[in-house]
Amino acid sequence: MSAAFSRRVNAALADPILKLAIDRTAGTAEAKRALAVDGFAHFEQARTRAAAIKDHVVAHLGHYLEQFEASATAAGAQVHYARTADEACAIVIGICKAAGARTVARSKSMLGEEIGLPHALAEAGIGRIETDLAEHIIQLADERPSHIVWPAMHKTREQVSALFKQHHTAPHTEETIPAMAESARRHLRQGMLGADVGISGANFLIADSGAVCTVTNEGNAELSLVPPRVHIVTAGIEKLVPSMGHAAQLLRLLARSATGATLTQYTTFYTGPKRAADPDGPDAMHIVLIDNGRTKMRDEGLAEMLRCIRCGACMNHCVVFRQIGGHAYGGTYPGPMGAVLTPALDGLAASRDLPNACTLNGKCQEVCPVKIPLPTLLRGWREKSWREGLEPATMRQGIGAWAWVAQRPRLYRAAVRAAIFGMRRFGRGWIRALPLARGWTAHRDLPAPDAESFMSRYARGER
């Protein structure tokens, strides 16, 4: 384990407030999703169809990119292509400067975080108003999102209250969630309405109409994208779907998997800028389609990861994420999906710890609405890390020693008996400390092993 990853993990495990904050949100999301799925009679069939839709688009990406560009252009939008994160930021900054923008209102977008857009705007001297409540919280705290649906999941309501009192000009006086939300509304509303440019991501891009779909629960996208003179969309090329009907099928899964709701409060489709008969809307609409490694992922065995619709279900159900939170992962995307995406985006050498920070229990694949085989993809990264010699020498030597013993059945069985005997001496029911195993016992107790191994029971015919 790298020193940086170890520090982040140990800090997270030692923070009881973080665990409380994660359990409050992820636990509720897990329970609500279970109820929503139980009430969806054809959920498994819908998952299979959704996976097929995404696989079809990825396999015919060139066709749907051309169709979307033609449709969006016919509706009055301007379409731009960016191969890298730097190119994407340069395009966005160029549009903002051409519009004479001093401030932008930004609706929540993990792609914006992926390409480093907040930093690019700051370097260009352009003010940024985060209009999503959770994004506003982490902007005040000067932190990165810790979850793709609830960016401020790691904050308790008590911490949010302190932030608002420190930064809002007219903060709340009652310690209630409605009062805090009203404080944020007062603080953000004028900034939303006075911004020169609105920037959003996209949940789906509709190829046959050129429409852009955003999904929110607060209406912040609508307020930050309709009043400004210019609307900029930044979207990964994998967000394409063939038609509105295909988007509707995916929407049925997105909300249920993310929040346990049948549908979000606001699902909006934008098709081009304001037309002559429209009462409001932006004068110009720009859509920046971003690759940033996605084509490479498709071509190098990670095409199934491009199915992801960013619902967050995999992390809500992940036993590792529930213990360490999102920031410990160190990248833009946390949890199981982040452990697959980060090596593709940042390089395996810099993030080889993430595929190993997984129990491979398969729960993430079980709840994924588009059936991404996350454990299989994580094992693929582990195998590549081994082939490329990125694992520490101590690990390679340890696994080599284990393999040598495992190839000698008598020796292996004797070693297992000795290990069971030794471990049982360190605890009565639970083990609080083991020599050379602080990584396993520093933050939790381990159950003491049974008196017999699985192999000895199997040999006696127990099943």
Side-chain angles (χ1 to χ4, degrees), residues 65 68-69 71-132 135-136 139 188 191-206 209-216 219-240 266 268-275 278 280-292 310 332:
L65 282 169
F68 177 80
E69 179 182 6
S71 301
T73 301
Q78 298 179 53
V79 179
H80 311 259
Y81 288 94
R83 291 170 297 176
T84 66
D86 288 343
E87 283 185 14
C89 287
I91 292 169
V92 173
I93 297 302
I95 296 168
C96 290
K97 288 184 174 180
R102 293 167 297 176
T103 60
V104 300
R106 197 174 82 109
S107 179
K108 183 172 79 68
S109 165
M110 289 306 299
L111 181 73
E113 300 292 335
E114 175 190 321
I115 63 176
L117 186 55
H119 180 69
L121 289 167
E123 282 195 335
I126 299 171
R128 171 173 57 96
I129 302 158
E130 291 290 350
T131 64
D132 176 85
E135 289 280 358
H136 171 60
Q139 184 181 21
L188 291 172
M192 290 182 187
L193 299 177
D196 303 299
V197 171
I199 302 177
S200 76
N203 290 91
F204 303 107
L205 302 170
I206 317 301
S209 66
V212 175
C213 175
T214 61
V215 176
T216 69
N220 57 293
E222 288 71 19
L223 275 173
S224 55
L225 304 180
V226 174
R229 293 177 288 111
V230 178
H231 175 192
I232 302 174
V233 179
T234 57
I237 54 177
E238 83 285 5
K239 295 290 187 178
L240 285 161
Y266 298 89
T268 305
F269 294 85
Y270 305 87
T271 309
K274 180 173 65 176
R275 290 167 285 270
D278 291 340
D280 53 28
D283 296 325
M285 182 179 187
H286 296 264
I287 303 170
V288 186
L289 299 174
I290 301 166
D291 189 320
N292 199 34
R310 305 297 195 264
T332 300

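Under a 3.5 Å cut-off, the side chain of D196 and the backbone N or O of T103 do form a donor-acceptor pair. A distance-only check finds no donor-acceptor pair linking the side chain of R128 to the backbone of L121 [under 3.5 Å]. With hydrogens and angles disregarded, a donor-acceptor distance shorter than 3.5 Å links the side chain of T131 to the backbone of R106. Between the side chain of D132 and the backbone N or O of K108 there is no donor-acceptor pair closer than 3.5 Å.
Considering only heavy atoms from C-beta on, F68 comes within 4.5 Å of L289 through its side chain. For the pair I95 and H80, the minimum side-chain heavy-atom distance is below 4.5 Å. Looking at heavy atoms from C-beta onward, E87 lies out of side-chain contact with D291 at the 4.5 angstrom threshold. Contact annotation: the side chain of M285 approaches that of V233 to within less than 4.5 Å [non-hydrogen atoms, C-beta and beyond].
Interatomic distance, CD of Q139 versus CD1 of I129, reported as 8.5 Å (0.5 Å rounding). With values rounded to the nearest 0.5 angstrom, H231 atom NE2 is found 10.5 Å from H286 atom NE2. Expressed to the nearest 0.5 Å, how far OH of Y270 lies from CD1 of I206 amounts to 13.5 Å. Here the CD-OG1 distance, from E113 to T234, works out to 10.5 Å after rounding to the nearest 0.5 Å. Residue L223 holds its CG atom at 10.5 Å from CG of L188, rounded to the nearest 0.5 Å. The distance from atom CG of L111 to atom CZ of R310, rounded to the nearest 0.5 Å, is 8.0 Å.
Scanning both residues, S200 and S109, for their nearest heavy atoms gives C-CB, 4.4 Å. Considering all non-hydrogen atoms of both residues, R229 and A99 come closest at NH2-O, 3.0 Å. Residues T271 and S209 share a closest heavy-atom pair of CG2-O, 3.7 Å. Contact record, S71 with G210: CB-N, 3.3 Å, taken as the closest heavy-atom pair. Minimum interatomic distance between A221 and S107 (heavy atoms only, all atoms of both residues): CB-OG, 3.5 Å. Considering every non-hydrogen atom in both P273 and A75, the closest pair reads CD-O, 3.5 Å.
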Next on the checklist: Let's go through K274 and D280 carefully: what are the C-alpha distance in whole Å and the side-chain angles of both, what is the deciding distance for salt bridge (Lys or Arg N to Asp or Glu O under 4.0 Å) to 0.1 Å, and is it a yes or a no?
Outcome noted: CA-CA 7 Å; K274 180 173 65 176; D280 53 28; over 6 Å; no

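Partner of M192 under the side chain to side chain contact (heavy atoms under 4.5 Å, CB included) criterion, chosen from V226, N220, L225: N220.
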